[in-house]
A.B. asks: 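Got a structure for you, questions after.
Because only heavy atoms are used, hydrogens play no part in the values below, and waters and symmetry mates are left out as well, while side chains stay in.
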Amino acid sequence: MKVFALYNYMFEKITNDDIFNDEEQKQVIEQNFTRRQECLNDVLVDDHNKEHRIHFTNTRGTEYLHHFLLNPVKEEGIYVLRILKNCRGIRHDENFKSIPFDDYRSCIIIIDNRPGIQLIAIENATSAFQSLETVERIIERTLSRIMAQRFSLRLSIKNIYDASRFWSIAQDKKRYPRGFRKVEFTWPKPNLERLAKRFEFIQGIRKDTESAVTLVTDAGAGKSVKLNPDDQWTRDVVEVASNIGGEASIRLTPNGSRRRINVGKNCYKFITFEEATFTKMSPDNPHLYPKDHLAALADKIEQDALKNGNSDRP
């Protein structure tokens with residue numbers, strides 16, 4: 001079985017003082033933002049067609065090879081690719097002479113860019129990359145860079161986790177006997193249609209202000225916020241924040257401490273697939289993995305991203 005962590009991805013316009021008064025350029029950026037998912041399709045398909053190559057890199061500039069497991073079709077909006085890491089090794093001959101060799105290991109990435117979906121599944125491939133966070137940063141850094149260059153947009157990815165993670169911390173009387181003085185919920189700027197209707201009054205505020213929104217409940221010094229899992233409003237707020245994701249979408253400040261707890265840090269919602277799902281994928285023999293199978297795979301990811309279940313550390 002292969003295990004994948006689930007993520008949302010968001011877009012944001014890039015503006016600066018140089019174009020603040022350039023109405024034509026501002027209009028172009030607005031148009032790009034309106035068609036933001038089409039722009040990402042262009043980036044991925046152009047890479048596959050070798051027209052504008054993507055170079056996946058980390059913060060140190062190390063480049064990682066990649067290839068597509070299936071030939072992408074822009075109209076379908078689903079992409080399956082493999083990022084490779086060279087875990088170089090050393091072997092020894094009969095004279096104990098050291099002989100370096102290349103050892104490529106991989107991590108599979110599934111991007112569901114169908115209209116309004118915006119989901120990524122990242123394989124938890126510890127034999128290649130020590131942590132999911134490493135792959136997150138490579139993908140976010142790389143796609144943001146090329147989206148900025150071509151469309152003046154940036155992209156961020158947010159790990160999805162289950163609301164149960166919040167409640168397990170909030171109800172931990174052993175570690176937090178005095179409860180929590182403050183709870184903060186943060187929603188990014190609105191651009192994810194799949195979740196837009198799940199909390200309408202928050203969505204309305206975000207649209208009206210074109211801004212991120214932070215909701216803060218503060219009981220005051222020495223007092224604790226009442227966090228009742230039976231209260232529908234509280235459950236809804238927690239569920240929406242965890243479904244939007246990101247390590248800082250919910251923050252708790254325990255009484256007696258200045259350190260805020262990022263509820264989503266190193267916490268993920270996982271999905272599993274059989275190994276055979278990917279061994280059947282072949283750019284040279286597309287009949288081995290029909291389009292309806294690919295759509296079913298993407299539908300499973302979408303359903304698992306929104307259903308309640310257990311999330312845990314990898």
Side-chain angles (χ1 to χ4, degrees), residues 3-10 12 58-59 107 109 118-126 128-144 154-189 192 195 199 202 212-218 224-225 227 229 234-271 301 304-314:
V3 180
F4 291 76
L6 300 178
Y7 302 78
N8 293 315
Y9 57 92
M10 317 273 186
E12 188 174 345
N58 62 17
T59 54
C107 174
I109 311 297
Q118 294 176 214
L119 278 169
I120 292 179
I122 299 176
E123 182 187 2
N124 187 29
T126 53
F129 296 92
Q130 290 185 348
S131 70
L132 284 163
E133 187 178 14
T134 299
V135 187
E136 294 167 26
R137 290 177 176 175
I138 292 170
I139 296 171
E140 183 177 77
R141 171 186 172 83
T142 301
L143 294 182
S144 281
R154 68 168 58 94
L155 180 146
S156 63
I157 66 174
K158 308 289 185 182
N159 57 300
I160 302 171
Y161 56 96
D162 195 78
S164 62
R165 173 67 174 169
F166 169 84
W167 293 111
S168 67
I169 297 173
Q171 297 175 322
D172 189 344
K173 300 299 183 183
K174 184 176 181 180
R175 296 182 64 188
Y176 310 106
R178 297 171 57 190
F180 301 89
R181 181 176 70 85
K182 184 187 295 184
V183 184
E184 301 166 74
F185 302 93
T186 299
W187 291 268
K189 293 182 180 181
L192 186 49
L195 297 175
F199 216 68
I202 290 294
V213 170
T214 298
L215 173 65
V216 180
T217 59
D218 192 337
S224 60
V225 176
L227 298 170
T234 305
R235 288 207 316 270
D236 286 346
V237 174
V238 171
E239 184 176 337
V240 172
S242 57
N243 279 338
I244 288 176
E247 67 172 50
S249 61
I250 309 178
R251 286 176 165 172
L252 291 162
T253 304
N255 269 310
S257 173
R258 294 182 179 179
R259 182 181 66 87
R260 292 186 296 181
I261 300 169
N262 290 338
V263 173
K265 185 174 178 61
N266 296 325
C267 189
Y268 304 89
K269 185 173 284 189
F270 292 104
I271 187 172
I301 292 174
D304 276 49
L306 293 179
K307 77 178 184 181
N308 291 324
N310 293 323
S311 58
D312 204 348
R313 297 170 189 270

A.B. asks: Taking only residues two or more places apart in sequence, or in another chain, which ones meet E140 in a salt bridge (charged side-chain N to carboxylate O under 4.0 Å, His left out)?
C.D. replies: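 Testing E140 for salt bridge (charged side-chain N to carboxylate O under 4.0 Å, His left out), a comparison that skips the adjacent residues, returns none.
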A.B. asks: Could you pull out all residues at least two apart from D172 that satisfy side-chain contact (heavy atoms from CB on, under 4.5 Å)?
C.D. replies: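 D172: side-chain contact (heavy atoms from CB on, under 4.5 Å) contacts with K174, R175, Y176.
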A.B. asks: Excluding sequence neighbours, so at least two apart, what forms side chain to side chain donor-acceptor pair (under 3.5 Å) with S249?
C.D. replies: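 For S249, the residues satisfying side chain to side chain donor-acceptor pair (under 3.5 Å) (neighbours in sequence not counted) are Y161.
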A.B. asks: How close do L6 and A121 get, counting heavy atoms only, and between which atoms?
C.D. replies: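 Heavy atoms of L6 and A121 come nearest at CD2-CB, 3.9 Å.
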A.B. asks: Where is the tightest heavy-atom contact between S224 and G179, given as atom of each residue plus distance?
C.D. replies: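 In terms of heavy atoms, the two residues are closest at CB-CA, 4.2 Å.
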A.B. asks: Check the pair V237 / W187 against side-chain contact (heavy atoms from CB on, under 4.5 Å), numbers first and verdict last.
C.D. replies: CA-CA 10 Å; V237 174; W187 291 268; 3.8 Å; yes
A.B. asks: For V238 and A163, which heavy atoms make the closest approach, and how far apart are they?
C.D. replies: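 Here V238 and A163 meet closest at CG1-CB, 3.8 Å.
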A.B. asks: For the CD1 atom of I301 and the NZ atom of K269, what is their distance to the nearest 0.5 Å?
C.D. replies: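 Between atom CD1 of I301 and atom NZ of K269 there are 13.5 Å.
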A.B. asks: Can you measure from CZ (R165) to CG (D162) and round to the nearest 0.5 angstrom?
C.D. replies: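 Result: 11.0 Å between the selected atoms.
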A.B. asks: So, does N159 use its side chain to make a donor-acceptor pair with the main chain of G264 at under 3.5 Å?
C.D. replies: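 Yes; judged by distance alone, with no hydrogens or angles, the pair exists.
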A.B. asks: Looking only at heavy atoms, which two atoms of C107 and I122 are closest? And how far apart?
C.D. replies: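 Distance-wise, the nearest heavy atoms are SG-CG2, 3.9 Å.
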A.B. asks: Using side-chain heavy atoms (C-beta onward) and a distance below 4.5 Å, is L227 in contact with Q171?
C.D. replies: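 Sidechains of Q171 and L227: no contact.
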A.B. asks: Please report the closest heavy-atom contact between L119 and A305, naming both atoms and the distance.
C.D. replies: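 Between these two residues, the closest heavy atoms are CD2-CB, 3.9 Å.
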A.B. asks: Just wondering, do I244 and M10 contact through their side chains at under 4.5 Å, heavy atoms?
C.D. replies: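 In contact.
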A.B. asks: If you apply the rule side-chain contact (heavy atoms from CB on, under 4.5 Å), what do you find for Y268 with V3, and how did you get there?
C.D. replies: CA-CA 11 Å; Y268 304 89; V3 180; over 6 Å; no
A.B. asks: S156: which residues meet the side chain to side chain donor-acceptor pair (under 3.5 Å) condition with it, sequence neighbours left out?
C.D. replies: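 Here no residue qualifies.
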A.B. asks: Could you tell me the separation between the CG atom of N124 and the CD1 atom of I271, rounded to the nearest 0.5 Å?
C.D. replies: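 Reported value, rounded in 0.5 Å steps: 14.0 Å.
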A.B. asks: Do the side chains of R141 and N58 get nearer than 4.5 Å, heavy atoms only?
C.D. replies: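 Sidechains of R141 and N58: no contact.
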A.B. asks: Looking only at atom types and distance, does a side-chain atom of S144 sit under 3.5 Å from a main-chain N or O of L155, one as donor and one as acceptor?
C.D. replies: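 Here the side-chain-to-backbone pair exists.
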A.B. asks: I need the full list of salt bridge (charged side-chain N to carboxylate O under 4.0 Å, His left out) pairs touching residues 247-261, with sequence neighbours left out, sorted by first then second residue.
C.D. replies: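 Applying salt bridge (charged side-chain N to carboxylate O under 4.0 Å, His left out) to every pair that reaches into residues 247-261, excluding sequence neighbours, yields E184-R260, E247-K265.
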A.B. asks: Using the ring pair (Phe, Tyr, Trp, His ring centres under 6.0 Å) criterion, which residues pair with F185? Sequence neighbours excluded.
C.D. replies: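 So F185 forms no ring pair (Phe, Tyr, Trp, His ring centres under 6.0 Å) with any residue.
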A.B. asks: Partners of F166 by ring pair (Phe, Tyr, Trp, His ring centres under 6.0 Å), sequence neighbours excluded?
C.D. replies: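 Residues passing ring pair (Phe, Tyr, Trp, His ring centres under 6.0 Å) with F166: none at all.
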A.B. asks: Could you check if a side-chain atom of R181 sits within less than 4.5 angstrom of a side-chain atom of D218, using non-hydrogen atoms only?
C.D. replies: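 With C-beta onward as the side chain, the pair touches.
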A.B. asks: Are I157 and N8 side-chain neighbours, meaning at least one heavy-atom pair lies under 4.5 Å?
C.D. replies: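 No, every pair of side-chain atoms sits at 4.5 Å or beyond.
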A.B. asks: Atom CZ in F180, atom OG1 in T217: separation rounded to 0.5 Å?
C.D. replies: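 Result: 11.5 Å between the selected atoms.
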A.B. asks: At their closest point, which heavy atom of I261 faces which heavy atom of P254, and how far apart are they?
C.D. replies: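 Result for this residue pair: CD1-CG, 3.8 Å.
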A.B. asks: Under a 3.5 Å distance rule, please check whether T142 uses its side chain to pair with a backbone N or O of I139 as donor and acceptor.
C.D. replies: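 Such a contact is absent between T142 side chain and I139 backbone.
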A.B. asks: Salt bridge (charged side-chain N to carboxylate O under 4.0 Å, His left out) with R178: which residues, sequence neighbours excluded?
C.D. replies: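 R178 satisfies salt bridge (charged side-chain N to carboxylate O under 4.0 Å, His left out) with no other residue.
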A.B. asks: Once you round to the nearest 0.5 Å, how far does CG of L143 lie from CD1 of I120?
C.D. replies: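 CD1 of I120 is found 6.5 Å from CG of L143.
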A.B. asks: Going by side chain to side chain donor-acceptor pair (under 3.5 Å), name the residues that satisfy it together with E133, two or more places apart in sequence or in a different chain.
C.D. replies: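 Partners of E133 by the side chain to side chain donor-acceptor pair (under 3.5 Å) criterion, ordered by chain and then number, come out as R137.
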A.B. asks: Which residues satisfy the side chain to side chain donor-acceptor pair (under 3.5 Å) test with T134, sequence neighbours excluded?
C.D. replies: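 Counting only residues at least two positions away or on another chain, T134 forms a side chain to side chain donor-acceptor pair (under 3.5 Å) with S131.
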